[in-house]
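Here's the structure we're looking at; comments come further down.
Order of appearance sets the numbers: ligands from 1, and atoms from 1 within every ligand. Everything numeric here is computed off the predicted structure, so don't read it as measured data.
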Amino acid sequence: MDFTAALLFFVLLISSSEALYPCGSRPDNSDLSVVPIYGKCSPFNSPKPESWVNTIIDMASKDPARVKYLSSLVAQKTTKVPIASGQQVLSIGNYVVKVKLGTPGQTMFMVLDTSNDVAWVPCSGCTGCSATTFSPNASSTYGSLDCSLPQCTQVRGLSCPAGGAAACSFNQSYGGDSSFSANLVQDSLTLANDVVPKFAFGCINTISGKSVPPQGLLGLGRGPMSLLSQSGALYSGVFSYCLPSFKSYYFSGSLKLGPVGQPKNIKTTPLLKNPHRPSLYYVNLTGVSVGRVRVPIAPEYLAFNPNIGAGTIIDSGTVVTRFFQPVYEAIRDEFVKQVKGPFATIGVFETCFDASAEVEAPIITLHFEGLSMKLPMENSYLHTSAGSLACLAIAPVPNNVNGAMNIIANLQQQNHRILFDVANSRLGIAREACN
Ligand SMILES: *[C@@H]1O[C@H](CO)[C@@H](O)[C@H](O)[C@H]1NC(C)=O
Ligand SMILES: *[C@@H]1O[C@H](CO)[C@@H](O)[C@H](O)[C@H]1NC(C)=O
Ligand SMILES: *[C@@H]1O[C@H](CO)[C@@H](O)[C@H](O)[C@H]1NC(C)=O
């Protein structure tokens, strides 16, 4: 059985509860709704429930490409910018946020991506885009940006034509099999009740391939073109989100921007800045426990190394948490000691066991500097659709990735408030049901 076919037998067994505000905005309008892209509240064509789960699993099968992409995000030297090489953007669109672009605002559902800096949306007249596009002509605040501007360098725009001004255009590859070309433009971005004037984003003219998120992507990374940087004092470098589970049917999670309304007594761990991969949110993972056993892991496999980019990142776009091979093996070996076999391998998951033993399956705890995150069972185990097997939902980083990199992914983050306090260089994690 090949990998994809094997994964088709999976379902995620995650309990869902009734949401207070199905699909709508919360009454105070202070939160932005966050919905899984294929969930019931998503505006996109939702696959039928049985195939919907397979879609989620299919997304996880694309993680290796994203992991490779994340590890390739190396700082650009500003003096020598590659000309339109096209960044390998292999992120996977699991969650979208509702925003408005232009004046009057046009509603767009953009993918939330903490490891990307630039935002982009498909624009009217675009070749290969789906029906919902942004219409620059219908906005009174729209403006184009010139190829000579520093922002154009930041999106690795094409160089200006000899002896002339031109719009800033850039090409980008996406998802391994797709690419797009866009112009860098600016317009008002409305997030709940806030307006970010002159927000710079890519206006897509041409898409080839099928992986580009249909209504664009909102980059929440750390770089100069990201929403945090462009909104400056408005959000003071602070945001948080709660991602609902994939399986939730009626619900909305939320993205909270700015320091107001953030949890006050949340436990935090330092956010580390890695000049080697400046867009990414690094944290100090110091260990992993399986049940009560602290897994023996050589410290160098977890160490943060800004020179080579090694360390642990937290990412909204990877589905299943990935560990550097020796770290993964140590966790797997401890797990196998504690859980009664026999074990089956399905795809990348080597520790599938009889689901009837799940009640005794150990709790997985991620230890960060200053904070431990005890993973709920539904954030730890995947089930086969027949329900007979449960698998520990972690995987090794693929071999083609350079350097020791661990990625805390969205399945493990679900139903937690994750606070990115960039201003104070800290990341907060607290349990919060947002199904
Ligand atoms: C937008 O307006 C310009 C000038 O009025 C026009 O040339 C262009 O075709 C319009 N584009 C679209 C997509 O409607
Ligand atoms: C950018 O993409 C456009 C449209 O797909 C293509 O015509 C153009 O050659 C590309 N430019 C570069 C430098 O790759
Ligand atoms: C990570 O945490 C450990 C344990 O507190 C500490 O010794 C180490 O210096 C930290 N690493 C970084 C890069 O802050």
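- Among the candidates Val397, Ile297, Ile394, the single residue satisfying the side chain to side chain contact (heavy atoms under 4.5 Å, CB included) test with Val327 is Ile297.
- For atom 14 (O) of ligand 3, the protein comes within 4.0 Å by at least one heavy atom.
- Between Asn284 and ligand 3, at least one pair of N/O atoms sits closer than 3.5 Å.
- Ranking the protein heavy atoms by distance from atom 4 (C) of ligand 3 puts Thr286 CG2, 4.0 Å first.
- Here the rule is side chain to side chain contact (heavy atoms under 4.5 Å, CB included) with Thr190, and of Val195, Val196, Thr107 only Val195 fits it.
- Taking the centre of each ring, Tyr241 and Phe420 come in below the 6.0 Å mark.
- Ring orientation note: the planes of Phe343 and Phe353 are nearly perpendicular, at an angle over 60° on the 30°/60° scale.
- The nearest heavy-atom contact from the protein to atom 5 (O) of ligand 3 is Glu369 CG, 3.7 Å.
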